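Input: a single structure, listed below in structure tokens.
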Amino acid sequence: MKKAFKDKVMAVVRRIPNGRVLTYKEVARRAGNILAARAVGNILNKNYDPNIPCHRVVRSDGSLGGYNRGAQRKKELLKKEGAVRA
DNA sequence: CATTTGACGCCAA
DNA sequence: TTTGGCGCCAAAT
């Protein structure tokens, strides 16, 4: 079945290089629907994959947002990678 | 198939 | 500037 959105979101997030973070809005935009920022978060939330650095996706405000493994973990990961909102 | 949920985003007060 | 409410979408139940 072609879950274009879910599949694309995963692909996009998987492509995020180390030290780089994208906003949910940006990911949604690359996934094909900029209005689906919410859906993006929902997808990552229910479908966490070790290949997908979902911790590199943050809110447009610059806030980290949430994380399945704990927001604290996400914060540490980003800090460790030195990620910045380019 | 209809309803609920949810890691969001933007605007108004 | 901060808080609250509304709008948007896709997936899960």
Side-chain angles (χ1 to χ4, degrees):
Chain A
M1 24 201 296
K2 293 163 48 158
K3 293 288 196 272
F5 207 76
K6 184 174 157 236
D7 190 52
K8 276 196 166 202
V9 168
M10 287 183 164
V12 171
V13 176
R14 195 174 8 181
R15 289 175 186 205
I16 303 177
N18 189 311
R20 189 68 179 285
V21 286
L22 288 177
T23 65
Y24 289 98
K25 197 169 114 174
E26 287 292 290
V27 174
R29 190 168 160 5
R30 290 166 188 252
N33 190 345
I34 189 172
L35 305 177
R38 206 173 202 179
V40 171
N42 210 355
I43 290 162
L44 295 175
N45 182 23
K46 288 169 181 151
N47 295 295
Y48 174 78
D49 290 282
N51 296 61
I52 301 177
C54 17
H55 62 266
R56 292 193 186 145
V57 187
V58 296
R59 292 181 53 160
S60 30
D61 293 283
S63 303
L64 290 175
Y67 195 54
N68 290 12
R69 277 34 180 180
Q72 183 58 40
R73 172 72 181 193
K74 180 176 180 179
K75 191 170 74 175
E76 287 182 54
L77 284 164
L78 292 174
K79 182 170 185 156
K80 201 169 164 208
E81 295 180 358
V84 287
R85 256 198 323 127

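Protein chains get the first letters and strands the later ones, always in sequence-line order, with residue 1 at the start of each. Values below: all heavy atoms of this structure, side chains included; hydrogens, waters and symmetry mates excluded. All of these numbers come straight from a predicted model, not from anything done at the bench.
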[X] versus [Y]: any side-chain heavy-atom pair under 4.5 Å?
X     : Y     : value
A:R14 : A:D49 : no
A:I43 : A:K3  : no
A:N47 : A:V9  : no

Subject >> Footprint string (nucleotides 5-13 of chain C, 5' to 3'): B base within contact, S backbone only, - free, heavy atoms under 4.0 Å >> reply: --BBBBSS-
**OP:** Return the set of residues passing salt bridge (Lys or Arg N to Asp or Glu O under 4.0 Å) with A:E81 (not counting sequence neighbours), or none when no residue passes.
**Re:** A:R56
Original post:
What's the CZ-C1' distance between A:R59 and B:dC10, to the nearest Å?
Top reply: 11 Å
Original post:
For DNA chain B, which residues in residues 60-76 of chain A have a heavy atom at a distance below 4.0 Å?
Top reply: A:S60, A:G66, A:Y67, A:N68
Subject >> Pairs meeting criterion side chain to side chain donor-acceptor pair (under 3.5 Å) with involvement of residues 35-44 of chain A, two or more places apart >> reply: A:N42-A:K46
Subject >> Donor-acceptor contact below 3.5 Å, side chain A:K25 vs main chain A:S60 >> reply: no
**OP:** Search all heavy atoms of A:Y24 against all heavy atoms of A:G41 and return the closest pair with its distance.
**Re:** CE2-CA, 3.9 Å
Subject >> Nearest-0.5 Å distance, CD of residue A:E76 to NZ of residue A:K79 >> reply: 9.0 Å
Subject >> Partner residues of A:N68 under the side-chain contact (heavy atoms from CB on, under 4.5 Å) criterion, sequence neighbours left out >> reply: A:N45, A:Y48
Subject >> Under the 3.5 Å Watson-Crick or G-U criterion, the dot-bracket string of DNA chain C, with | for inter-strand pairs >> reply: .||||||.|||||
Original post:
Among A:V13, A:V12, A:I52, whose side chain to side chain contact (heavy atoms under 4.5 Å, CB included) with A:V57 holds?
Top reply: A:V13
